[in-house]
Structure formats: C-alpha cells, structure tokens
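Each remark here refers to the structure printed beneath this line.
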Amino acid sequence: MDLFEHQAKELFAEYGVPVPAGKIATTPEEARAIAEEFAAAGTSRVVVKAQVKTGGRGKAGGVRLADSPADAEEKARRILGMDIKGHTVHKVLVEEASAIAQEFYFSFLLDRANRTFLSICSVEGGMEIEEVAATKPDAVAQIPINALSGVDRAKAREIAVAGRLPAEALEGAAELIERLWAAFVDEDATLVEVNPLILTADGQVKALDGKV
Ligand SMILES: Nc1ncnc2c1ncn2[C@@H]1O[C@H](COP(=O)(O)OP(=O)(O)OP(=O)(O)O)[C@@H](O)[C@H]1O
Ligand SMILES: [Mg+2]
C-alpha cells in the first residue's frame, strides 16, 4: 500500500526522522486556519502541497509557497480539486517553509532482480532520479545492503559519502538514514524514498518529501 506524503512524514517522525511541521486541510478555509497557527507561532511562510499518490506534483503546480494565511487560502483554493496525472486533489498538506541550502536524493528499495536491498543516494536531488542517473550517472551512488547486518551509523555514513553529500550534511544525513532503515525494516516496505532530502540554511538535514 502506498502512503500519502503526509502519512509517510508521520511515519518518519515516529522514527525520529526530522520533517517540517505540517497539518492537513480539505478546504481553503482550513488551510488558512493552519497557516494562522503557524503565523501565531512565528512562521509566516508555508508551503501548500497537493496530497496525491503520484510524483511531479511540483511541476504540475501542486506545490506552492504562501507568504501569509490569506495567500495559503488562495493557494489551497487553486490546488484543491486539481487533477494531477489522473489523481484528483482532495486534501493539501500545509507545512512550514524550509530555508533550503541544498537538495539531495535518498532511497532504500528492494532490488528484486538481485534479491537484495539497495540504497540510492545522490547530491543531486529535487528532480527525478532517473533523469539524474541518465545525465550524471557518477552523481548517483547505488549501495547494496546486507539484510543481516542492516544499516548502522557507519553504513549510513558510507552511503552518504558515496552519494557525495557535502561534509556539513554528513552527520545529519547518516543519522537520518539509520533511522529510515529502521522504518523500512519495521514496516516491511519495498520502497522508502526521500526526494528532496535537504540541508537547511542553518545546517539541519530534513526529509522534505516522503514516499513509502
Ligand atoms: N516545506 C517546504 N519548504 C520549502 N520548499 C519546499 C517544501 N516542500 C517542498 N518544497 C519545494 O518543492 C519541491 C517539490 O516538492 P516535493 O518534492 O514534495 O513534490 P514532488 O511531487 O516530488 O514534486 P516534483 O516531482 O515536481 O519535484 C521541492 O523539491 C522543494 O524545492
Ligand atoms: Mg519530491
């Protein structure tokens, strides 16, 4: 079963993986009320994100930044009801906007052909990984995971280094990758993908998107 982004992020949070704070709205008025709560707590910029089980939401106009609660209402009004690749948008995630310094790609998956688990990590994130693999194959690391030994902090660090993540993101990414492995195993998942995984302006590593 696929999860919506907001469900994937709730799961990540249970495992201690840093994600932006956010809430679900099914009407523009609800989106405004959520943005007002963020504004009252000191965060005026939010991102309104279509919740559909398909990629390419950003490109389709289903992910929009809002500068104020009124703007969040307006953006939600535009996104709710949209059709994205045959999926109608019935709910939006209203979350705090992150100050993005860099976007990376990370995933764990079941490699059926080789009967093993695989991790894919790249310093080039935010866009589709197939595209990156085609244009910059050297920037995409594929690391097999031994199912018995799994992913400890050292293995997680090896994955982040292989993906050429910058030095300032390594520790945060390794911690996040180790925690994602626990989620992947406990949930019997066949895919856990974070695109983008980000480094924020203040040096934190966070999951900005989630596919499980
Ligand atoms: N909370 C946020 N704060 C700031 N920017 C965000 C936030 N969430 C998403 N974005 C920006 O929007 C982009 C697209 O978001 P996301 O990856 O969640 O959607 P997507 O469906 O995978 O979109 P696409 O496939 O078109 O890239 C991100 O790469 C990021 O630049
Ligand atoms: Mg994405």
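Counting starts at 1 for both ligands and their atoms, in listed order.
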Identify the closest protein heavy atom to [atom]: which residue and atom is it, and at what distance?
{"atom": "atom 6 (C) of ligand 1", "value": "Leu208 CD2, 3.5 Å"}
{"atom": "atom 18 (O) of ligand 1", "value": "Lys49 NZ, 2.7 Å"}
{"atom": "atom 26 (O) of ligand 1", "value": "Lys59 N, 3.0 Å"}
{"atom": "atom 27 (O) of ligand 1", "value": "Gly126 O, 3.3 Å"}
{"atom": "atom 3 (N) of ligand 1", "value": "Ser98 N, 2.9 Å"}

Return yes if some donor-acceptor pair links the side-chain N/O of [X] with the main-chain N/O of [Y] below 3.5 Å, else return no.
{"X": "Asp67", "Y": "Ser44", "value": "no"}
{"X": "Thr190", "Y": "Leu110", "value": "no"}
{"X": "Gln204", "Y": "Thr200", "value": "no"}
{"X": "Asp152", "Y": "Ala154", "value": "yes"}
{"X": "Glu95", "Y": "Val47", "value": "no"}
{"X": "Lys9", "Y": "Leu208", "value": "yes"}

| Hey, is Glu128 one of the residues with a heavy atom under 4.0 angstrom from ligand 1? |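 Under 4.0 Å: no for Glu128.
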Any nitrogen or oxygen of [X], main chain or side chain, under 3.5 Å from a nitrogen or oxygen of ligand 1?
{"X": "Gly55", "result": "no"}
{"X": "Gly56", "result": "yes"}
{"X": "Gly58", "result": "yes"}
{"X": "Asp209", "result": "yes"}

Using a strict 4.0 Å cut-off to heavy atoms of [X], name the atoms of ligand 1 that fall inside it.
{"X": "Pro196", "value": "17 (O), 28 (C), 29 (O)"}
{"X": "Ala97", "value": "3 (N)"}
{"X": "Glu96", "value": "1 (N)"}

| said: Within the 4.5 Å heavy-atom criterion, are Val194 and Asp209 side-chain neighbours or not? | reply: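 They are not in side-chain contact.
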| said: Are Trp181 and Ile177 packed together at the side-chain level, in the sense that at least one heavy-atom pair is separated by less than 4.5 angstrom? | reply: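 A side-chain contact under 4.5 Å is absent here.
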So which bit of [X] gets within less than 4.0 Å of ligand 1, heavy atoms only: side chain, backbone, both or neither?
{"X": "Glu95", "result": "side chain"}
{"X": "Ile100", "result": "side chain"}
{"X": "Glu103", "result": "side chain"}

Of the listed options ([options]), which comes nearest to [atom] when hydrogens are ignored and any heavy atom counts?
{"atom": "atom 19 (O) of ligand 1", "options": "Arg57, Glu193, Met127", "value": "Arg57"}
{"atom": "atom 14 (C) of ligand 1", "options": "Thr54, Val46, Leu93, Val63", "value": "Val63"}
{"atom": "atom 2 (C) of ligand 1", "options": "Ile198, Val194, Val47, Asn195", "value": "Val47"}

| query | Salt-bridged, Glu74 to Arg64, with N to O below 4.0 Å? | reply |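 Here Glu74 does not pair with Arg64 in a salt bridge, since their nearest N and O are not under 4.0 Å apart.
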| said: For Glu5, run the salt bridge (Lys or Arg N to Asp or Glu O under 4.0 Å) check against Lys91, Lys211, Arg57 and tell me which one passes. | reply: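 So, applying the salt bridge (Lys or Arg N to Asp or Glu O under 4.0 Å) to Glu5 and each of Lys91, Lys211, Arg57, only Arg57 qualifies.
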| Of all N/O/S atoms in Asp209, which lies nearest to the Mg ion (ligand 2)? |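 The Mg ion (ligand 2) is closest to the Asp209 atom OD2, counting only N, O or S.
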| message | Within the protein, is there a heavy atom lying under 4.0 Å from atom 9 (C) of ligand 1? | response |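 Yes, at least one protein heavy atom sits under 4.0 Å from atom 9 (C) of ligand 1.
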| task | If the plane angle is over 60° it's perpendicular, under 30° parallel, otherwise tilted; pick one for His6 and Phe4. | result |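 If you compare the ring of His6 with that of Phe4, the planes turn out parallel.
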| message | For Phe108 and Phe184, take the angle between the two ring planes, folded into 0 to 90°, and tell me which bin it lands in: parallel under 30, tilted 30 to 60, perpendicular over 60. | response |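 Tilted, since the angle between the ring planes falls between 30° and 60°.
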| query | Taking all atoms of both residues into account, what is the closest heavy-atom pair of Val140 and Val132, and its distance? | reply |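 Looks like CG2-CG1, 3.6 Å.
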